[in-house]
Amino acid sequence: MPVNTFVFPLGALLALSIRPLLSTPTGVVARNERAQTEGPPSLEQLFRRHFDDVYRIVASLLGPGAGAADVEDLTQQVFLAAHSALPRFRGDSKTTTWLYGIASKVVLTHLRGRRRRDRLREALEAAAQLDRNAPGPDDEVHQRRELLRVWQILMRIAPKKRMVFILHEVEGLPGAEVARVLDIKIGTVWTRLYHARRELVAAMTKAEGS
Amino acid sequence: MTCPRQADVLRLGAGPLSEADRQILRRHADACPSCKDAVDAMNRARAVLRGYAQAPHPSARVRVWEGLEKKRRRSGQPTVLWSAAALAGALAVVLIIPRLFPREVITPRLERGHILAKGQTVASGGNLPSGPALLKSVGPARIATAGATLELSAGTTLRLSAGGPELVSGELALSPLGTTPIEISTEAVRIAAIAGRVRVWVEGEEAFVRVEQGRAVADPGGGATPEALAAGAERIYVATPAPDEGESPQPAASEGQPDPKRDLAKPPSPSTRASNALHAPRRRSPPRKDHAASLKAAHAVLPAAPKRARALAQKVLNARPEPRLEVNALVLIADAERRSGQLRQALRSYQRVIDHESGNDYAEEALFRQANLHTTLRERSEALSKLEAGDQRFADGVLAPERAALKARLYLEAGLPGAAADALEQVPRFARTPAIARLRVEVAEALAQNHRFGRATRLVAPVLETGTDTELRRRAKDLMRTRVKSTPPGSQPKTK
């Protein structure tokens, strides 16, 4: 029996009518088992489980120059971005890795503005100035001074390198996970880390020498 | 003065180093004052930074959540409005414009006297949607061609009619790959959207329709013969309802003569339908109309109650109907088993379809279904062998793009990006669905990791040319940039 086939232009029309309603979960084959059986978590679940992690990583990436309002604002932005990206989250990586990736992008975007960078730097300098006048020597004050001094140096390092340095050296993420978080190659992670270390050491040695 | 080995010392723990090298560097760092200072500075900085762990204030959690809720509500409203507006716009396009400019918009190439033969494309559309759950949100839409009307009603019902009588209605299903997002399969007609196009298979009691002066008229000649194609006749195929039992065939009208009595604006008369039947039914069991009705009922309940559909189809099968109905029942049984999660049984039933004497029309799809089922069961090699069998048997079959895409996905998952790229290169250029674009980028990224930048670039080129997904375009551009950065200086063309 012959199979008669005709084809007509429904594709575009259907796409037009349906596209606004679509998300992108097409690669069922690519999804892992967990994602298939459990489905993506809701925003509430994400927030409940990972608020502390996200807040901490945002604060850590911004440094002590950022006020609590900035950290809270960016944490909120991370969850908003995560909410809209949830349908595309395939569960290929750990939820924290995925959220750290979003957080690092949000922070990088935030730091892209020169004014914001300057504000952070000025806040650090002002804090350092205040600490210099604080009564001492006291362990806590010393720690605080050290932190501000190191952060002032870190702020001179390019944000991308700084981010790798913080994620690996401070947050303790292995290189491969840093690569996943920042969506870069592992080789790039090591290169950025090396340069960040070199710049940090050079600046610290110079500061201590003077 | 800085030690020349300080650079190596700073690479400790920042990349792959052998244990021996690590020991040597550590010993050097202990002995060399300059390197020792550098390591000490690093350790101090690390300790200070790790001491700065800012825990959120308890009230911060509440503040952030409240702000989040507020923003989500605010951002949600315009999204709903935009979606509604977009849907209304799309419906306007689908419903109003075809009425104003019927053929110009819907079947532009029919206007130019395009001949529709088996497997030919009238016009290829854009990217088809994917995302199974959301298809249910489709509002009513009606798309008319010169001879047939496709109706997409609320829910997931697709209806094909020709100038009045309903030819077929059924449920929409989606393939997991996203490249065959829409499929409707009934006893008489199968409709599938593949790679941006919609194909309609018409079989069984088919009538052939010719377009003359903008009107669809019945063409009892049937088939697109080379002579007819050469003569430039416009021809499309639509199905008519099954002929009643005991009807006597009428003489066929001469080709090229419009016959108002057979105009599809009116329901086709029984005599016309009988005259169009190409093959006389080989009856093996009582009233085939009953079997056909049972199968139709089975199709109707298939989405909601696959087990009931299976039982109905099995009943037809047990009555040993004619081969065509038998194979239809088998397809139904296989589909019902697949839907109710009996994947192994579904695999066997699809095999029965493939092996059936009248199963050739369904074999390509059955092979592809088997490949999909093996993929779900994580049996990669079996899935690949089914895809290979499909390629061998239906080299230019309508599911060739689907097969190529699934093959590429499987090879990529097996860690063979080269083979995946080979498979993707078999996908025709018109097949530019989001799923295939994503696959291209993923395979290209895997290739780039193996430093096969040239191939990766070629693979993502179509995504950059026509891709609309911003994220995919960004990833494709990143790949291009990586290539430029990674090109060794020696490979630049030498200039004198």
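Within every chain, numbering begins at 1; the chains are lettered A, B, ... in the order of the sequence lines, protein sequences first and strands thereafter. Predicted model only: the values in this text are computed from it and were never measured.
- For the residue pair B/V48 and A/L147, the shortest heavy atom distance occurs at CG1-CA, 3.3 Å.
- B/R475 and A/D183 are not joined by a salt bridge, as no carboxylate oxygen comes within less than 4.0 angstrom of a charged side-chain nitrogen.
- We find the CZ-CH2 distance between A/R48 and B/W65 to be 9.0 Å, quoted to the nearest 0.5 Å.
- If you take CG on A/L43 and CG on B/L68, they are separated by 5.0 Å, rounding to the nearest 0.5 Å.
- Using a 4.5 Å cut-off between heavy atoms, A/Q77 makes no contact with chain B at all.
- Both the backbone and the side chain of B/A7 have a heavy atom closer than 4.5 Å to some heavy atom of chain A.
- Within the 4.5 angstrom heavy-atom criterion, only side-chain atoms of B/R46, from C-beta onward, approach chain A.
- When the shell of 6.0 Å around NZ of A/K105 is examined, it contains more than 12 heavy atoms from other residues, nucleotides or ligands.
- Geometrically, B/R11 engages A/Y194 in a cation-pi contact defined by less than 6.0 Å to the ring centre and at most 45° from the axis.
- Of the inter-residue distances, the one linking A/R198 atom CZ with B/L10 atom CG reads 8.5 Å to the nearest 0.5 angstrom.
- To the nearest 0.5 Å, the span separating CZ on B/R61 from OH on A/Y55 amounts to 11.5 Å.
- Between B/R44 and A/V150 there is no side-chain heavy-atom pair separated by less than 4.5 Å.
- Remark: B/D478 CG to A/K185 NZ distance equals 11.0 Å, nearest 0.5 Å.
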> Would A/E169 and B/M42 satisfy side-chain contact (heavy atoms from CB on, under 4.5 Å), going step by step from the backbone distance to the final call?
Replying inline: CA-CA 10 Å; A/E169 300 284 12; B/M42 263 287 307; 3.7 Å; yes

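- Closest heavy-atom contact between B/G67 and A/Q76: CA-NE2, 3.2 Å.
- With a 4.5 angstrom heavy-atom cutoff, A/I153 does not touch chain B via any of its atoms.
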>> A/D73 vs B/V64, test: side-chain contact (heavy atoms from CB on, under 4.5 Å). Steps then yes/no.
In response: CA-CA 7 Å; A/D73 189 36; B/V64 172; over 6 Å; no

>> Does B/L49 form a side-chain contact (heavy atoms from CB on, under 4.5 Å) with A/I166? I'd like the steps, not just the answer.
In response: CA-CA 8 Å; B/L49 291 168; A/I166 291 168; 5.7 Å; no

